[in-house]
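What follows is a single structure, written as structure tokens, with notes after it.
The sequence lines fix the lettering, A, B, ..., with proteins before strands; numbering per chain opens at 1. Just so it is clear, the values below take in all heavy atoms, side chains as well, and ignore hydrogens, waters and symmetry mates.
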There are 2 protein chains.
Amino acid sequence: MDSDGGPTASPLVSIQYSTAKTRIITTALELFSQHGIGGTSLQMIADEIGVTKAAVYHQFKTKDEIVVAAVEVELARLEPALDLAEADDQRPRALTLLLTQVIDLAVEHRRMVVTLQHDPVVVRLLAEHEPFQLFMGRLFHALTGGENSAEARVRAAMISMAIGGAVSHPLVAGLDDGTLRSQLLLLTWRFLDLPE
Amino acid sequence: MDSDGGPTASPLVSIQYSTAKTRIITTALELFSQHGIGGTSLQMIADEIGVTKAAVYHQFKTKDEIVVAAVEVELARLEPALDLAEADDQRPRALTLLLTQVIDLAVEHRRMVVTLQHDPVVVRLLAEHEPFQLFMGRLFHALTGGENSAEARVRAAMISMAIGGAVSHPLVAGLDDGTLRSQLLLLTWRFLDLPE
DNA sequence: GTCTATATGAAGATAGAC
DNA sequence: GTCTATCTTCATATAGAC
């Protein structure tokens with residue numbers, strides 16, 4: 001698991017992978033969301049695809065590299081919404097836009113979100129991998145509107161955890177996507193005092 | 001890791017453990033919060049205490065049993081507050097009481113909360129271990145006030161994840177306990193429209 | 001309650017052939 | 001791009017002595 005110098009840097013922009021790499025990433029994401037990252041072995045990924053471990057290692061030198069690529073693919077989904085929010089100079093509207101997208105994506109990818117937000121391996125990679133740092137910085141800047149008070153920080157932390165955490169909570173497991181989305185929008189707007 | 005029939009049932013009331021067991025549980029909790037459960041081996045626990053793996057196995061037959069005991073110890077901290085909330089027939093006051101305690105405990109045990117709320121192993125045990133199920137049922141009944149609408153469910157999920165998730169969020173890592181606690185109280189009250 | 005010693009399996013990772 | 005074969009390390013777990 002631990003490589004010497006950590007994963008090599010790569011930008012957080014939609015990269016084109018070979019079909020073999022793409023199959024591994026897709027499979028890995030599926031398994032990560034089911035078993036967590038620590039609970040997913042390269043053997044499991046290989047078995048699911050129907051190849052050997054060695055074939056997987058031919059595409060990615062370490063497990064960390066697979067995790068980075070997988071997290072990158074998922075995070076990249078937020079990028080268009082983030083770009084839009086940053087381009088908008090009217091604060092409430094930009095925030096509304098961003099959160100709508102975030103909630104849509106979170107609901108759509110329910111099972112994945114908990115891994116991305118809380119898995120210890122992802123947390124470590126987020127801390128080590130500079131492109132992730134920059135991206136999270138942009139995201140939270142957009143969320144706080146540049147404010148840096150204790151209240152702004154706690155509010156941003158709460159709202160991102162509330163959305164990301166709620167979608168995979170047992171209490172809402174029975175709700176269909178539409179209901180969950182509209183309730184999340186409603187309650188998020190109320191929490192942030194945004195115009196509805 | 002996987003035992004045949006799952007961990008044996010045991011009630012969620014403060015149980016007295018032998019000093020040897022207590023030492024293992026305390027050490028395990030510390031290591032779990034640092035490395036996650038999957039990232040903590042019995043060897044690490046044994047080394048930290050200064051005994052051998054076999055000595056640990058003498059106290060707990062499987063790793064799952066250690067995890068159950070550890071989670072039980074942490075969850076049990078919420079029990080007095082939950083008892084009080086259930087005994088109170090005035091809804092807003094009971095909820096206020098419960099949440100104040102929850103926030104206090106979450107802030108005090110910041111690093112532990114993320115593991116308890118999101119580690120895949122804990123999630124599995126919560127689903128398998130009946131005493132946990134009952135306890136979480138009580139907790140969410142108290143949170144929703146018995147209401148069962150989609151809005152009540154999403155609100156309860158959001159608020160528990162917002163509190164539990166925010167305390168270990170990088171954005172608030174620099175805040176001292178007092179500041180974090182008061183901001184969480186403020187924002188939680190506002191979110192739930194409770195009297196301040 | 002703690003130890004030594006050991007069984008068994010699976011993990012991450014590599015070498016080299018096809 | 002995939003394979004077989006192999007290496008190393010470490011995990012959970014057990015047996016039996018002190």
Checklist line | Between P of D:dG1 and CD1 of A:Ile49, the distance in whole Å | finding: 12 Å
Item checked: Annotated protein contacts, base or backbone, on nucleotides 2-9 of chain C with a non-hydrogen cut-off under 4.0 Å, one of B, S, - each -> BBB-----
Item checked: Rounded interatomic separation in angstrom, taking CZ from B:Phe60 and P from D:dT12 -> 15 Å
Next item on the list: Grab the CD-P distance between A:Glu65 and C:dT14 for me, whole Å please.
Entry: 11 Å
Next item on the list: For B:Ala55, check side-chain contact (heavy atoms from CB on, under 4.5 Å) against everything at least two apart and list the hits.
Entry: B:Val51, B:Thr52
Note to self: Quick check on DNA chain D: between A:Thr19 and B:Leu42, whose nearest nucleotide comes earlier from the 5' end?
What the structure shows: A:Thr19
Check: Which heavy-atom pair separates B:Leu82 from B:Phe135 by the least distance, and what is that distance?
Finding: CD2-CE1, 3.9 Å
Checklist line | Partner residues of B:Ser41 under the side-chain contact (heavy atoms from CB on, under 4.5 Å) criterion, sequence neighbours left out | finding: B:Gln43, B:Met44
Notebook entry, point to check: Salt-bridged, A:Asp64 to A:Arg124, with N to O below 4.0 Å?
Noted result: yes
Notebook entry, point to check: To the nearest 0.5 Å, what is the distance between CE (A:Met161) and NE2 (B:His169)?
Noted result: 4.0 Å
Check: Does OP1 or OP2 of C:dA10 have a side-chain N or O of A:Ser41 closer than 4.0 Å?
Finding: no
Check: In terms of side-chain heavy atoms, does A:Ser149 have a donor or acceptor partner in A:Glu147 at a distance below 3.5 Å?
Finding: yes
Check: Which pair of heavy atoms, one from B:Ala157 and one from A:Val172, lies closest together, and at what distance?
Finding: CB-CG1, 4.0 Å
Check: To the nearest Å, how far apart are A:Gln43 CD and C:dG12 P?
Finding: 9 Å
Margin query: Without decimals, in angstroms, what is the distance between B:Ile45 CD1 and D:dC10 P?
Written below: 17 Å
Checklist line | Between C1' of C:dG12 and CD1 of A:Ile37, the distance in whole Å | finding: 16 Å
Next item on the list: Measure from CG on A:Asp47 to P on C:dA10 and round the result to the nearest Å.
Entry: 11 Å
Item checked: Between C:dA11 (P) and A:Asp64 (CG): distance, integer Å -> 16 Å
Next item on the list: Note down the inter-axis angle between the two ends of the helix from C:dG1-D:dC18 to C:dC18-D:dG1, five pairs each, to the nearest 10°.
Entry: 10°
Checklist line | Residues that B:His109 engages under ring-ring contact (aromatic ring centres under 6.0 Å, His included), provided they are two or more places apart | finding: none
Checklist line | Partner set under side-chain contact (heavy atoms from CB on, under 4.5 Å) for B:Gln133, not counting sequence neighbours | finding: none
